[in-house]
Amino acid sequence: MKLLAMEAKLHLRDWPTLMFSIGLPVGLLLILGLSIPSFTELQDTGERIVDTHMPSTMALLSLLTLSCSVLPAVLATYRQQGVLRRLSTTPVHPARVLGAQLLINLAVGTVSTAVLIVAGWLAFGAAPPRQWAWFVLVFLLGTAAMMALGLVIAALAPSTKAAQGIGSLVMFPLMFLGGVWLPRELMPEPVRAISDFSVAGPFAQALKDTWAGQQPQLAHLAVVAAGLVVFGAIAVRSFRWE
């Protein structure tokens, strides 16, 4: 708990990164929701709502930023500065640092998603997720898969700059395949087929489905779960403490 508190304090001191992880998705949500009419639609009842694509996509953007940029950079910095090596000589196992980082980034991702839900609802009546139980399951499963990918990046990166560079090379294609730049419904069929196996694509679609009140497709959950297993296994086998 002391280690977790210390890591949380260090994370809060890095307020530009924290503001980017939370502020960017929320800011984009408000700008798009308030200024672009095409993101709104009328239900049969006549109620004006915001397309569920937008808030779920902003949630994916926040989680990808944390997993591919923030988490790998911090762990690569600890390795480069010898923090993990020095910890290995103490009773505090370096794996606890890893666990603390995962919990902190999960907490930040949860806060970011909660702020997105509340901000969209208060600003322009965006409906919150209608399938809460499924939404929580999809959120936790997808976040775990994305952070396992972040651990793979941290394992491969020899330095902080390399972690940031590799993270960007991974994050931006996943953002595209997840529908951040172009909705999956508008993608050409070959691109959508690639998206269906990218982990980010099924994760984004499952978030959108549960937000709209539908159950996620079993195939999407299977791909995300497979990504968690594969990325987790690679991270465990290749992660270096020094």
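Counting begins at 1 with the first residue of the sequence. Computation of the quantities below employed the complete heavy-atom set of this structure, encompassing side-chain atoms and omitting hydrogens, waters and symmetry-equivalent molecules.
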Verdict with reasoning, Val224 to Leu228, per side-chain contact (heavy atoms from CB on, under 4.5 Å): CA-CA 6 Å; Val224 177; Leu228 171 60; 5.9 Å; no
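- Side-chain N/O atoms of Thr160 and Gln80 include a donor and acceptor closer than 3.5 Å.
- The two residues Gly179 and Thr57 have their closest heavy-atom pair at O-CG2, 3.8 Å.
- Expressed to the nearest 0.5 Å, how far CG of Leu71 lies from CG of Leu102 amounts to 6.0 Å.
- In this structure the side chain of Ile117 never reaches within 4.5 angstrom of the side chain of Pro55, judged on heavy atoms.
- Looking only at side-chain heavy atoms (C-beta outward), Gln101 and Tyr78 come within less than 4.5 Å of each other.
- Looking at Arg79, its side chain does come within 3.5 Å of a backbone N or O of Ala154 through a donor-acceptor pair.
- Taking the six-membered ring where the residue is Trp, Trp132 and Phe135 present perpendicular rings, their angle passing 60° and hence far from 30°.
- Residues Pro72 and Ile153 approach most closely at CB-CG2, 3.8 Å, considering heavy atoms.
- Grouping the Ile, Leu, Val, Met, Phe, Trp and Tyr side chains by contacts below 4.5 angstrom, directly or via other members, places Leu66 apart from Leu169.
- Judged by distance alone, the side chain of Thr210 and the main-chain N or O of Leu207 form a donor-acceptor pair under 3.5 Å.
- In the hydrophobic cluster analysis, where Ile, Leu, Val, Met, Phe, Trp and Tyr join through side-chain heavy atoms closer than 4.5 angstrom, Val180 is grouped together with Leu186.
- The main-chain N or O of Gly109 is never found under 3.5 Å from a side-chain atom of Ser112 such that the two would form a donor-acceptor pair.
- Checked options Arg130, Gln215, Gln214; the residue passing with Asp209 is Gln214 (criterion: side chain to side chain contact (heavy atoms under 4.5 Å, CB included)).
- Partner Leu151 forms a side chain to side chain contact (heavy atoms under 4.5 Å, CB included) with one of Leu75, Val236, Ile234 and no other, that one being Leu75.
- Inter-residue side-chain proximity for Ile194 and Met187 is flagged as unmet; no heavy-atom pair is nearer than 4.5 Å.
- At distances below 3.5 Å, not a single donor-acceptor pair connects side-chain atoms of Ser195 with backbone N or O atoms of Val191.
- The two residues Leu60 and Ala200 have their closest heavy-atom pair at CD2-O, 4.2 Å.
- Residues Leu149 and Val170 are in side-chain contact: their nearest non-hydrogen atoms beyond the backbone lie under 4.5 Å apart.
- Note that CD of Gln205 is 6.0 Å distant from NZ of Lys208, once rounded to the nearest 0.5 Å.
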Trace of the side-chain contact (heavy atoms from CB on, under 4.5 Å) decision for Leu4 with Leu103: CA-CA 8 Å; Leu4 182 61; Leu103 288 175; 4.3 Å; yes
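- Residues Leu64 and Phe172 fail the side-chain proximity criterion, which asks for heavy atoms closer than 4.5 Å.
- Between Met175 and Trp181, the closest heavy-atom pair is CE-CZ2, 3.2 Å.
- Of all the heavy atoms in Arg86 and Gln81, the pair that sits closest is NH1-O, 3.2 Å.
- The shortest side-chain heavy-atom distance between Leu63 and Phe203 falls under the 4.5 Å cut-off.
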